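Since the structure comes first, as structure tokens, the remarks are kept for the end.
What you are looking at is a predicted structure, and each value in this text was computed from that prediction instead of being measured.
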Amino acid sequence: MLATLDASFVVQWVNIRKEPIPDFPFLDDILLGAQIDADRRVRDPQSLGFFLRELVIDPRDERLLNPQAESSWASVETFASDGNFAYAQVHPDAVMEVLETSLEAYSEL
């Protein structure tokens, strides 16, 4: 996995309690109900405790390559039917699949 990351990705950590969520054109697609303040940091108690996203974004910051389901329930439905979540869950066993799927999506641009 590290070789794939080193060869094909630029990794960036954003702590949204201290740094703003970047102003992506698809910002609404990643929030999934999280509320952000004017500085684009999460502000509601649930998100302050649990908001964590693993995003794979094209090099121009224009397209989310691992989009999530439109709701938490839709993500559960995807898990039930396909055996995985529609959105990248932050789990070590799922990361490689997310990276490979994202590389595929990028190659189709």
All N/O donor-acceptor pairs, side-chain side in residues 38-49, below 3.5 Å, sequence neighbours left out:
residue, atom, partner, partner atom, Å
R40, NE, I21, O, 2.7
R40, NH2, I21, O, 3.4
R41, NE, K18, O, 3.3
R41, NH2, K18, O, 3.4
R43, NE, I36, O, 3.4
D44, OD1, Q35, N, 2.8
D44, OD1, S47, OG, 3.0
D44, OD2, S47, N, 3.2
D44, OD2, S47, OG, 3.0

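Distance check, rounded to the nearest 0.5 Å: CG of L65 to OH of Y106 gives 8.5 Å. Here the CZ-CD distance, from F26 to E62, works out to 9.5 Å after rounding to the nearest 0.5 Å. Atom CZ of residue R63 and atom CZ of residue F24 lie 14.5 Å apart, to the nearest 0.5 angstrom.
Listed here is the closest heavy atom pair of D61 and P25: O-CD, 3.3 Å.
Note on W13 and V10: separate hydrophobic clusters, where clusters join Ile, Leu, Val, Met, Phe, Trp and Tyr whose side-chain heavy atoms are under 4.5 Å apart, directly or indirectly.
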Open item on the list: L55 vs I30, test: side-chain contact (heavy atoms from CB on, under 4.5 Å). Steps then yes/no.
Closed with: CA-CA 8 Å; L55 307 175; I30 64 173; 3.6 Å; yes
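E100 pairs by the salt bridge (charged side-chain N to carboxylate O under 4.0 Å, His left out) definition with nothing, not counting sequence neighbours.
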